Amino acid sequence: MPESEGKRGAFIVLEGCDRTGKTSQCKTLVNKLEEANIKARYMNFPDRSTQSGQLINGYLTRKDDFTDEGIHLLFTLNRWERMKEMEKALKNGVNLIVDRYSYSGVAFSSAKGLDLEWCKAPEAGLLKPDLVILLTLSPEALARRGGFGDERYEVPAFQKKVIEKYGLLKDDRYWKAIDADKTFDDLTVELYEEVLRTVENAGDKPLEKLW
């Protein structure tokens, strides 16, 4: 399916608890799109390469500490830093496959006890995705995943709270929940179908803003 001239790219986000396979799936989806002659690019948040991203990395790896409010605003700033670049890519027909976005920021910060609306406020005006895929895993399946517990937030009780917060943010008009407890390849097939459908439909729609 070669892309049509003049159509914008789709903005697709994968969300979910830690260790649900988001990063690997995002990169695989980009490869599959490129193989089909569809322009695609992988992005992830937090982007640890920017100035704010380096501060965030220090926090996540437990080298630095910030207040809950402070780290939330750093995560938000990290997304704003990339916004012009993302808008330009989309307008040039590049499909963005993004590993985590504002919903993660709001879900994680509100799971720590911050007010949900306060958490959403600084994200208002960021680009709105065409599709958010929420990868879900049972607590038992999550605990079986390798590497779980390596970073600050990877605690089962906390991840359960995060999932509850995602439930409050979920908007069925552009969200789809998919159970990630299946083989990697089977999950890729299911995700790719959703991605292709969104890529086909996004081209003529204007870019929208969050909340």
Side-chain angles (χ1 to χ4, degrees), residues 9-26 29 42-46 68 71-72 75-76 78-80 83 86 90 95-143 145 148 153-182 186-202 205-211:
F11 175 16
I12 296 166
V13 173
L14 263 65
E15 287 282 7
C17 276
D18 292 315
R19 306 295 165 181
T20 48
K22 290 180 303 301
T23 305
S24 305
Q25 289 291 354
C26 282
L29 290 168
Y42 167 78
M43 292 182 76
N44 68 303
F45 291 104
D68 291 342
I71 193 65
H72 180 76
F75 271 98
T76 301
N78 193 246
R79 286 181 274 279
W80 280 106
M83 212 40 44
M86 290 171 71
L90 289 166
N95 297 285
L96 297 180
I97 309 295
V98 182
D99 176 7
R100 292 202 180 286
Y101 193 54
S102 297
Y103 314 100
S104 280
V106 174
F108 277 73
S109 291
S110 59
K112 289 190 282 185
L114 296 181
D115 178 74
L116 188 81
E117 293 305 319
W118 184 91
C119 293
K120 286 169 71 175
E123 311 277 338
L126 288 169
L127 289 172
K128 178 185 172 186
D130 297 293
L131 173 67
V132 177
I133 297 175
L134 181 66
L135 294 181
T136 63
L137 271 183
S138 68
E140 297 75 26
L142 200 58
R145 296 284 167 121
F148 188 78
Y153 293 139
E154 292 178 356
V155 180
F158 182 73
Q159 296 284 327
K160 185 170 180 289
K161 280 187 190 170
V162 170
I163 282 291
E164 287 166 6
K165 299 299 181 182
Y166 274 130
L168 298 175
L169 296 170
K170 191 170 181 286
D171 182 334
D172 291 334
R173 288 170 296 182
Y174 67 107
W175 282 58
K176 185 161 183 73
I178 292 179
D179 184 1
D181 194 14
K182 48 179 70 92
D186 284 350
L187 182 56
T188 301
V189 169
E190 194 171 343
L191 294 175
Y192 190 59
E193 281 178 13
E194 294 293 335
V195 166
L196 270 187
R197 193 176 303 130
T198 305
V199 166
E200 285 166 4
N201 293 333
K205 293 177 183 169
L207 285 170
E208 293 183 45
K209 301 290 174 70
L210 271 186
W211 344 114

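Just so it is clear, the model here is predicted, and its values are computed rather than measured.
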(message) With rounding to the nearest 0.5 angstrom, report the CZ to CG distance, Phe11 to Leu90.
(response) 7.0 Å
(message) Can you tell whether the side chains of Lys161 and Glu164 come within less than 4.0 Å, N to carboxylate O?
(response) no
(message) Tell me whether the count of non-hydrogen atoms from other residues, nucleotides or ligands lying under 6.0 Å of NZ in Lys170 goes above 12.
(response) yes
(message) Quick check: do Leu127 and Leu210 have side-chain heavy atoms less than 4.5 Å from each other?
(response) no
(message) Do Glu190 and Lys182 make a side-chain contact, defined as non-hydrogen atoms from C-beta onward lying under 4.5 Å apart?
(response) yes
(message) Quick one, Ile163 and Tyr166 - any side-chain contact, counting heavy atoms below 4.5 Å?
(response) yes
(message) Can you see whether Trp211 has Lys120 sitting over its ring - NZ or CZ less than 6.0 Å from the centre and within 45° of the normal?
(response) yes
(request) Measure the shortest side-chain to side-chain distance between Glu123 and Lys209 over non-hydrogen atoms and say whether it is less than 4.5 angstrom. (result) no
(message) Please tell me whether Asp130 and Tyr174 have a donor and an acceptor in their side chains that are separated by less than 3.5 angstrom.
(response) no
(message) Less than 4.5 Å apart, side chain to side chain, heavy atoms only: is that true for Phe75 and Arg100?
(response) no
(message) I need the Met43 CE to Ile12 CD1 distance, nearest 0.5 Å.
(response) 14.0 Å
(message) Between Glu15 and Lys22, does the salt bridge (charged side-chain N to carboxylate O under 4.0 Å, His left out) criterion hold? Intermediate values first, please.
(response) CA-CA 7 Å; Glu15 287 282 7; Lys22 290 180 303 301; over 6 Å; no
(request) Measure the spacing between CD1 of Ile133 and CD1 of Ile178 and express it to the nearest 0.5 Å. (result) 5.0 Å
